[in-house]
Amino acid sequence: MDRRALSADPADLARDLLGCVLVRVLGDGRTLAGRIVETEAYLGVADRACHSFAGRRTPRVEPMYAPGGTAYVYFTYGMHCCMNVVCGKPGEPVAVLLRGLEPLEGLDAMHAHRARAGRPILDDALCRGPGNLCKAFAIGLDLSGADMTRDARLWLARGSLTPAESRRVRATPRVGIGDAGAWTKRRLRFLLDGSPGVTRA
DNA sequence: ATGACGATTTACT
DNA sequence: GTAAATCGTCATA
């Protein structure tokens, strides 16, 4: 997807990214791909749940101020990374968090990335959840700030929902944000109801 | 330098 | 349902 498409308003883009494909090319040339089925929009300086709330501009969030199509990856809970697609007008620190994918290509590598002692992981669960998605795709802090309209390691491909799927799109409040006042209730999470890649309660 | 806190996940009672 | 894991980041000093 190009700069123009990725410069849309976050709530619009969060909805429109459903059905699009996240593509990752590993260092060894292997390709991973997944279809986006769950997203959240973060609306910038006015949004209490957003990292750039009140104009906050630290080294971590700096990529949010970059042009649409920039990746913003952050580390949290001492063990997980989450990735966003920066969007909006130039300099506007808004973004869309990727929360769930349906694995399409490179399942072997995803399994290898997610592997841990104990139980096997179902294909459907490989990229379910923002932390799991990043783990499966080997997306770390090194990719924060990457320009996904140019970078050979990570980009977005256009995709669509079938008419039947479009009818299954839902909007709900965002997950995991603390008390963000009125922003807590805003329906800025978008998901394809029924998809195995969507997080459950 | 220090302390509190996560846009989470998993395991266990 | 509850709790633990685990550390980069940032505000405070």
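Here is how names work: the chains are called A, B, and so on, in the same order as the sequence lines, proteins then strands, and each is numbered from 1. Any value given below was found using the heavy atoms of this structure, including those in side chains, with hydrogens, waters and symmetry copies removed.
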Checklist entry - Counting only Watson-Crick or G-U wobble pairs whose two distances fall under 3.5 Å, which nucleotide matches C/dT6? => result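 Here C/dT6 is not engaged in any pair, so there is no nucleotide opposite it.
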Item to check | Base paired to B/dA7 (Watson-Crick or G-U; both N/O distances under 3.5 angstrom) | outcome: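 None - no nucleotide pairs with B/dA7, as no candidate has both distances under 3.5 Å.
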Checklist outcome for this item: Given protein heavy atoms under 4.0 Å, the one-letter contact record of nucleotides 6-13 of chain B, with B base, S sugar-phosphate only and - none, is simply BBBSSS--
Next on the checklist: Distance check, rounded to the nearest 0.5 Å: A/L22 atom CG versus A/L154 atom CG?
Outcome noted: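 Reported value, rounded in 0.5 Å steps: 5.5 Å.
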Checklist entry - Can you tell me how far C1' of C/dA11 sits from CZ of A/F53, to the nearest Å? => result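 Atom-to-atom, A/F53 to C/dA11, this comes out as 16 Å.
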Checklist entry - Do A/D2 and A/R4 sit within salt-bridge range, that is, some charged N less than 4.0 Å from a carboxylate O? => result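 No, this pair does not count.
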Item to check | Minimum heavy-atom distance between A/L141 and A/V73, given as atom pair plus value | outcome: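 Closest approach of A/L141 to A/V73: CD2-O, 3.7 Å.
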Checklist entry - Do A/V96 and A/Y72 sit in the same hydrophobic cluster, where Ile, Leu, Val, Met, Phe, Trp and Tyr count as joined when their side-chain heavy atoms come under 4.5 Å apart? => result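 Different hydrophobic clusters.
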Checklist entry - With distance as the sole criterion, is a donor-acceptor pair present between the side chains of A/H111 and A/D123 under 3.5 Å? => result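 The answer is yes; a qualifying pair exists.
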